[in-house]
Colleague: 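Dumping the structure here so I can ask a few things about it.
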Amino acid sequence: MDKETIIAASKKHDIVPGRVYKYGTAGFRMKADLLEGVTFRVGLLAALRSRKLNGQAIGVMITASHNPAVDNGVKIVDPQGDMLEQEWETYATNLVNAPTHEDLVDYFHKLADALKIDLASPGKVIAGRDTRPSGSTLIAALAHSLAATSTTYVDYKILTTPQLHYLTRCINTAGTPGAYGEVSESGYYDKLLQAFSRALRGRKISGGLTVDCANGVGGPKLNELLKRHDSVKTGLKVKVVNDDVLRPEILNLDCGADFVKTRQRAPPNPKPAPGDRWCSLDGDADRLIYYWIDPETGFFMLDGDRIATLAASFIADLARSAGLNGQLRIGVIQTAYANGASTKYIEQHLQLPVVCTPTGVKHLHHAACSFDIGVYFEANGHGTVLFSATAIQTFRTKEPQSPAQKDALDILSALADLINQTVGDAISDMLMVEVILAHKGWTMKDWALTYQDLPNRLVRVEVGNKDLFQTTDAERKLSHPVGCQDEIDKEVKKYTNARSFARASGTENACRVYAEAATRSEADELANKVAVIVRQHGGY
Ligand SMILES: CC(=O)N[C@H]1[C@@H](OP(=O)(O)O)O[C@H](CO)[C@@H](O)[C@@H]1O
Ligand SMILES: [Mg+2]
């Protein structure tokens with residue numbers, strides 16, 4: 001690989017000097033005009049990663065998810081559709097921060113030597129982007145670095161993040177016994193719709209569903225799926241709203257899953273009518289939040305914790321009905337942000353184990369892999385259900401002893417195809433929720449009544465130096481600044497059923513404080529007190 005070619009290309013896509021870039025929870029994410037050089041360099045890393053993994057395709061996704069329209073981001077997808085291996089995050093950070101073009105190429109070659117990568121071997125990268133206008137400049141920078149490194153490159157253009165994860169896995173498993181699906185966007189829709197119909201097993205969905213697409217890529221993609229969907233057969237009648245992608249400035253503006261979750265209210269426009277079933281996707285369609293307006297009590301949100309409990313209870317029941325009791329380990333993975341009432345419900349009512357991991361789906365995903373069926377969701381609605389190869393094999397090959405067992409095994413098998421196995425996927429998760437509600441014959445109210453959330457508050461606290469805040473115990477406690485946790489504990493003790501923790505955000509320049517308690521006013525008060533403590537320890 002010719003040094004001069006890479007240097008010449010790099011000069012056309014320089015990084016903005018004087019900044020420190022970090023591959024964080026969701027890759028590199030910032031104002032789009034800072035990202036061109038970053039994306040070029042991510043292309044170099046993807047070129048190396050593909051060659052390190054014997055030429056398997058690596059995915060690059062350009063998106064800033066629920067962030068404002070002026071932001072963008074870039075992240076790397078590993079061959080099986082999972083997130084980039086952690087050790088490589090450091091290589092990505094180092095590569096992007098190389099001060100000069102010469103340093104960049106030196107580091108690129110040093111990395112290749114250290115990792116024993118044969119640069120003459122073939123490499124392959126595929127890319128996708130959300131609807132942000134800045135995406136096209138970033139894609140051009142990516143294409144340029146892949147050309148400079150003679151890496152085969154396919155641009156899948158506009159996609160949801162989970163679609164790119166799907167395609168990456170499909171390409172790398174094509175022609176093998178673990179083939180994940182057809183390598184095309186339409187293959188994605190066909191797989192989901194076939195599995196959706198199989199999972200329903202003749203049951204019909206009742207009542208309409210309105211889907212708020214955050215004016216992001218989920219809108220056109222959901223419309224594509226619906227074009228192919230037979231609503232007479234399944235009963236699912238979807239109304240798509242906030243699907244205007246021609247006015248980029250309204251992306252995620254007063255709508256979408258993040259708005260609904262953080263504001264704890266429905267989008268103001270259009271306004272849901274009492275009794276309606278609604279859900280919101282985020283800007284790249286990997287998060288999902290359900291809600292409805294209870295005619296008596298008003299807005300009621302069913303977030304990631306609710307989706308996790310719904311899925312876990314349904315799947316555990318199916319496993320029992322299929323005669324698989326005790327044969328498959330089922331577990332639920334949450335983060336510290338999960339409502340305490342949901343954790344209690346899973347452990348005590350559903351009698352399933354709960355694992356708590358640090359924030360960021362890569363941690364949850366990893367923990368879910370240690371179960372035969374691992375249900376993982378962040379409270380914000382990002383998550384999925386992972387089925388092990390053993391579980392899928394069991395559903396397909398176990399001889400049913402009764403029609404009820406056959407029913408359960410077939411539904412489990414269909415769910416394993418319906419639920420995106422690579423990453424949280426709002427469209428796939430939404431179809432899963434609809435299937436479960438149809439089977440249980442539940443309304444939104446029935447779902448809402450399963451347990452009562454503890455009132456909670458999430459506060460963003462700007463501090464002088466967020467890096468002072470270091471955590472332990474899956475982020476539930478601060479080890480640094482010394483003394484800060486003791487002060488938080490002292491406050492928590494003053495309230496009933498209370499819990500609170502603070503940590504530095506991995507995606508924003510701030511700390512987050514979470515508090516829950518027996519009443520709304522206590523949760524608010526506790527959150528504010530802990531926020532004061534964090535501010536005092538935060539440096540200036
Ligand atoms: C409290 C919260 O919702 N945190 C989010 C947010 O991470 P922070 O590290 O808290 O900024 O963005 C992540 C990426 O989307 C997501 O995984 C995570 O759940
Ligand atoms: Mg997202």
Side-chain angles (χ1 to χ4, degrees), residues 22-30 61-68 71-75 77 83 89 128-132 159-165 213-218 221 251-252 256-264 280-289 301 303-305 308 333-339 356-366 376-384 420 423-429 456-463 466-467 469-471 474-476 500-516 527 534:
K22 187 168 183 279
Y23 197 98
T25 325
F28 298 100
R29 194 182 287 188
M30 60 200 76
M61 183 70 200
I62 312 262
T63 178
S65 182
H66 56 278
N67 286 36
D71 288 2
N72 215 330
V74 53
K75 56 188 170 191
V77 179
M83 311 242 172
E89 291 183 3
R129 64 179 178 98
D130 70 15
T131 52
R132 288 174 163 80
L159 292 176
T160 70
T161 295
Q163 285 179 327
L164 182 79
H165 285 253
C213 297
N215 293 315
V217 63
K221 300 306 172 184
L251 171 67
N252 296 318
D258 194 60
F259 173 89
V260 175
K261 174 68 182 161
T262 52
R263 305 286 189 88
Q264 307 197 11
S280 287
L281 323 182
D282 72 336
D284 63 339
D286 60 4
R287 288 195 196 176
L288 175 72
I289 299 282
M301 178 168 65
D303 63 0
D305 300 340
I333 297 87
Q334 302 188 307
T335 71
Y337 292 103
N339 196 281
C356 181
T357 73
T359 306
V361 279
K362 65 183 171 209
H363 300 295
L364 290 101
H365 189 100
H366 185 74
Y376 77 81
F377 273 87
E378 290 192 308
N380 60 34
H382 193 181
T384 191
N420 195 323
V423 79
D425 180 336
I427 295 179
S428 144
D429 288 341
N456 60 91
R457 181 64 62 205
L458 184 61
V459 191
R460 187 178 181 277
V461 185
E462 302 226 352
V463 291
K466 72 166 181 171
D467 297 333
F469 292 82
Q470 283 168 32
T471 59
E475 300 181 331
R476 288 174 289 195
S500 181
F501 66 93
R503 57 178 276 279
S505 158
T507 60
E508 290 171 43
N509 190 20
C511 283
R512 296 194 202 284
V513 167
Y514 176 87
E516 63 186 29
V534 166

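Order of listing sets the numbers, starting from 1, for every ligand and every atom in it. Computed from heavy atoms alone, side chains included, the values below leave out hydrogens, waters and symmetry copies.
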Colleague: Starting from atom 9 (O) of ligand 1, locate the nearest protein heavy atom and write down its residue, its atom name and how far away it is, to 0.1 Å.
Modeller: Gly506 N, 2.6 Å
Colleague: Has Glu378 got a side-chain atom pairing as donor or acceptor with Gly383's backbone, closer than 3.5 angstrom?
Modeller: no
Colleague: In plain terms, say whether Arg29 and Asp71 are close enough for a salt bridge, that is, a side-chain N and a carboxylate O under 4.0 Å apart.
Modeller: no
Colleague: Below 4.0 Å from any atom of ligand 1, is there a heavy atom belonging to Arg287?
Modeller: yes
Colleague: Does Asp258 put an N, O or S atom under 2.8 Å from the Mg ion (ligand 2)?
Modeller: no
Colleague: For ligand 1, note which part of Arg512 has a heavy atom under 4.0 Å away: side chain, backbone, both or neither.
Modeller: side chain
Colleague: So, does Gly360 sit close enough to ligand 1 that a heavy atom of it is under 4.0 Å from the ligand?
Modeller: yes
Colleague: Between Thr359 and His363, is a side chain to side chain contact (heavy atoms under 4.5 Å, CB included) present by the stated rule, with each step listed?
Modeller: CA-CA 7 Å; Thr359 306; His363 300 295; over 6 Å; no
Colleague: So, Thr471 side chain and Arg503 main chain: donor-acceptor pair closer than 3.5 Å or not?
Modeller: no
Colleague: Compare Asp282, Asn380, Asn509 and give the one whose heavy atom is closest to atom 2 (C) of ligand 1.
Modeller: Asn380
Colleague: On a heavy-atom basis, I'd like to know which of His363, His66, Glu378 is closest to atom 16 (C) of ligand 1.
Modeller: Glu378
Colleague: Restricting to N/O/S, name the atom of Asp284 that gets closest to the Mg ion (ligand 2).
Modeller: OD1
Colleague: Which atom, among the N/O/S set of Asp286, is closest to the Mg ion (ligand 2)?
Modeller: OD1
Colleague: Which residue supplies the protein heavy atom nearest to atom 12 (O) of ligand 1, what is that atom called, and how far is it?
Modeller: Thr507 CG2, 3.7 Å
Colleague: Side chains of Lys221 and Thr131, heavy atoms from C-beta outward: is any pair under 4.5 Å?
Modeller: no
Colleague: Using a 4.0 Å heavy-atom threshold (strictly under), name the region of Tyr514 that reaches ligand 1: side chain, backbone, both or neither.
Modeller: neither
Colleague: For ligand 1, is any non-hydrogen atom under 4.0 Å from Arg503's backbone (N, CA, C, O), its side chain (CB onward), both, or neither?
Modeller: side chain
Colleague: Take Lys261 and His66 through the test side chain to side chain contact (heavy atoms under 4.5 Å, CB included) and record every step on the way to the result.
Modeller: CA-CA 11 Å; Lys261 174 68 182 161; His66 56 278; over 6 Å; no
Colleague: Below 3.5 Å, N or O to N or O, backbone or side chain included: is there any such pair between Arg29 and ligand 1?
Modeller: no
Colleague: Below 3.5 Å, N or O to N or O, backbone or side chain included: is there any such pair between Thr359 and ligand 1?
Modeller: no
Colleague: Any N/O/S atom of Ser65 sitting less than 2.8 Å from the Mg ion (ligand 2), backbone or side chain?
Modeller: yes
Colleague: If you consider just the N/O/S atoms, which atom of Asp282 is the closest one to the Mg ion (ligand 2)?
Modeller: OD2
